[in-house]
Number of protein chains: 2
Amino acid sequence: MTATKPLTRIQQKNRAAILDAALDVFSAHGYRGATVDQIALQAGLSKPNLLYYFPSKDAIHVALLTGLLSTWLAPLEQLDPDGEPVEEILKYVDLKLTMAETYPRESRLFANEIVQGAPRIHDNLTGPLRRLVDEKCAVIAGWIARGLIAPVDPHHLIFSIWATTQHYADFDVQVRAVLGDAAENRFAIAREHLRMLFSRLLTPGAAG
Amino acid sequence: MTATKPLTRIQQKNRAAILDAALDVFSAHGYRGATVDQIALQAGLSKPNLLYYFPSKDAIHVALLTGLLSTWLAPLEQLDPDGEPVEEILKYVDLKLTMAETYPRESRLFANEIVQGAPRIHDNLTGPLRRLVDEKCAVIAGWIARGLIAPVDPHHLIFSIWATTQHYADFDVQVRAVLGDAAENRFAIAREHLRMLFSRLLTPGAAG
DNA sequence: AAAGTTCTTGACCAAACGGTCAGGAAACCG
DNA sequence: CGGTTTCCTGACCGTTTGGTCAAGAACTTT
């Protein structure tokens with residue numbers, strides 16, 4: 001039983017500043033590419049002071065990942081088995097794209113971690129994540145069985161949604177580079193594009 | 001005029017070994033996460049000997065990226081303006097997925113680089129890459145104008161193709177973790193899934 | 001075989017890094 | 001106010017890292 005004392009006003013402020021700075025630095029340079037000095041500087045703290053709040057660089061990283069993982073998976077949890085199937089999935093796509101637009105740092109943090117083999121959150125992937133995905137895939141499979149959406153592999157459907165939406169956060173530099181001046185309204189156009197992409201895939205009755 | 005002497009037999013062998021080892025290490029840990037010792041060890045060379053062939057860690061990285069970029073873009077170049085539009089694009093999707101399956105290290109190398117802001121290949125993105133993409137987007141726009149495929153934003157279509165196919169290389173750990181035992185034939189199922197996804201999007205006449 | 005070139009290495013270096021520690025400053029509390 | 005806890009810092013430490021260098025080994029060429 002670890003009796004966690006309530007945090008001081010100063011502790012709250014500084015821990016939050018550290019985590020925000022760490023999110024900036026880790027998402028931009030990866031774990032190894034980030035330095036404690038850099039995080040401390042951005043948080044407006046000295047390095048020893050930062051290490052007064054977190055015991056190590058690794059601890060900051062873990063705190064970030066675990067703290068943000070539930071936030072990151074929340075949209076999928078909202079997928080409502082009793083909703084209108086196609087619209088439910090399209091709403092999920094829309095929400096994920098909004099997340100990519102609003103929280104690109106979080107997206108890149110996980111992207112960095114997973115591309116490099118997810119050494120620190122692998123258990124979370126095979127555990128909670130997999131359970132959640134399986135649960136929602138069962139829902140989708142149910143919809144397919146009842147003919148409410150076109151038959152697709154539920155897991156790979158979810159992969160496609162993750163890939164297409166997070167692409168606009170993780171590969172933002174590339175997207176902007178390729179679009180040039182037309183990059184400004186990229187999220188609006190992406191929204192329309194992805195809605196069409198997945199609505200055509202899922203709407204039953206189309207050519208199969 | 002840099003008169004590049006022809007490479008020795010030993011030079012050829014060792015440079016190749018270094019680049020292959022570097023691809024392994026850089027793709028797995030990112031630029032900053034990779035160490036010269038690690039690359040040297042994997043290449044079967046001592047560190048000073050490795051630095052005899054490449055002047056610096058950075059030079060190895062740049063040589064890798066620039067050397068592989070053309071390979072990586074080759075599939076898009078093959079998109080044939082005179083081919084059957086839907087089938088041409090589906091062929092491109094298929095080829096990109098095959099690349100993700102066959103060359104996951106290369107995919108991850110670029111993923112690492114771009115997620116972290118593409119500091120070393122940014123000029124290549126706004127230059128050659130953008131030109132190639134624009135050229136092929138014009139082809140796609142032409143197909144749309146002639147009603148040969150459904151109207152979609154060509155740029156974002158390409159983004160969707162990149163995202164969905166490279167996902168299976170870049171986020172392989174996650175894909176495997178979520179699929180569990182069913183991960184074995186993930187590429188076969190992905191192939192089917194993506195073919196359906198993009199064929200439904202592009203086949204004209206469907207609900208718009 | 002001799003000379004010249006290419007290849008390889010152990011030893012070394014300066015900088016950067018994650019982390020420690022003693023002790024002072026500030027905030028809190030009776 | 002005085003005592004106690006919390007907060008903060010300069011100086012420091014051991015390790016890792018990218019990179020150098022002088023000198024020897026191996027290969028080529030004549």
Side-chain angles (χ1 to χ4, degrees), chain A residues 2-65 109 112-113 116 119-120, chain B residues 2-65 109 112-113 116 119-120:
Chain A
T2 49
T4 33
K5 284 184 184 176
L7 293 179
T8 317
R9 177 178 51 89
I10 297 176
Q11 277 171 347
Q12 280 179 29
K13 192 191 67 175
N14 281 349
R15 282 183 64 99
I18 290 168
L19 288 177
D20 188 71
L23 177 55
D24 251 41
V25 179
F26 281 133
S27 67
H29 306 292
Y31 178 77
R32 194 60 156 50
T35 73
V36 179
D37 289 274
Q38 225 177 330
I39 299 172
L41 184 73
Q42 182 136 348
L45 272 59
S46 68
K47 184 169 67 167
N49 198 15
L50 179 146
L51 289 167
Y52 169 74
Y53 290 99
F54 287 90
S56 69
K57 177 187 180 181
D58 196 87
I60 305 174
H61 197 227
V62 170
L64 251 191
L65 286 172
L109 181 77
N112 262 306
E113 177 70 9
Q116 299 187 8
R120 286 159 230 275
Chain B
T2 49
T4 34
K5 286 185 183 175
L7 293 179
T8 316
R9 177 178 52 89
I10 298 177
Q11 279 170 346
Q12 281 180 29
K13 193 191 66 176
N14 281 348
R15 284 183 63 100
I18 290 169
L19 288 176
D20 189 71
L23 177 56
D24 251 39
V25 179
F26 280 133
S27 68
H29 305 294
Y31 178 77
R32 194 60 158 48
T35 72
V36 180
D37 289 276
Q38 225 176 330
I39 298 172
L41 183 74
Q42 183 135 350
L45 271 60
S46 67
K47 184 169 66 166
N49 199 15
L50 180 146
L51 289 166
Y52 168 76
Y53 291 99
F54 288 90
S56 69
K57 178 186 180 181
D58 197 87
I60 305 174
H61 197 226
V62 170
L64 250 191
L65 288 172
L109 181 77
N112 262 307
E113 176 71 8
Q116 299 186 8
R120 287 158 229 275

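Residue numbering restarts at 1 for every chain, and letters A, B, ... go by the order of the sequence lines.
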Checklist entry - Is there side-chain contact between B:R120 and B:L64, with at least one heavy-atom pair below 4.5 Å? => result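 Not touching, per the 4.5 Å side-chain cut-off.
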Checklist entry - Is the shortest heavy-atom distance from the side chain of B:I10 to the side chain of B:Y53 under 4.5 Å? => result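 Touching, per the 4.5 Å side-chain cut-off.
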Next on the checklist: Judged by each residue's nearest nucleotide on DNA chain D, which is more toward the 5′ side, B:P55 or A:G44?
Outcome noted: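 Its nearest nucleotide being more 5', the pick is A:G44.
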Tell me: [atom1] of [X] to [atom2] of [N], nearest whole Å?
X	N	atom1	atom2	result
B:N49	D:dA23	CG	P	19 Å
A:L50	C:dC21	CG	C1'	17 Å
B:K13	D:dA26	NZ	C1'	12 Å

Next on the checklist: Quick check for you: among D:dT6, D:dA11, C:dG19, whose closest atom lies nearest to any side-chain atom of A:P48?
Outcome noted: D:dA11
Checklist entry - Taking the side chain of A:Y53 as heavy atoms from C-beta outward, which of C:dT9, C:dT8, D:dC7 is closest to it? => result D:dC7
Using a cut-off of less than 4.0 Å, is there contact between a side-chain N or O of [X] and OP1 or OP2 of [N]?
X	N	value
B:N14	C:dT8	yes
A:Q11	D:dC7	yes
B:Y52	C:dC7	yes

Checklist entry - Base, sugar-phosphate, or nothing: which does B:D58 touch, judged by heavy atoms less than 4.0 Å apart? => result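 No contact.
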Please list, pair by pair, any protein nitrogen or oxygen found under 3.5 Å from a nitrogen or oxygen in nucleotides 22-30 of chain C.
from	atom 1	to	atom 2	distance (Å)
C:dC28	OP1	A:R9	NH2	2.8

Would you tabulate the nitrogen or oxygen pairs shorter than 3.5 Å linking the protein to nucleotides 15-17 of chain D?
from	atom 1	to	atom 2	distance (Å)
D:dT17	OP1	A:R32	NH2	2.7

Next on the checklist: Nearest 0.5 angstrom please: B:I39 CD1 to B:L23 CG, how far?
Outcome noted: 10.0 Å
Next on the checklist: Please report the interatomic distance CZ(A:F26) to CD(A:Q38), rounded to the nearest 0.5 Å.
Outcome noted: 10.0 Å
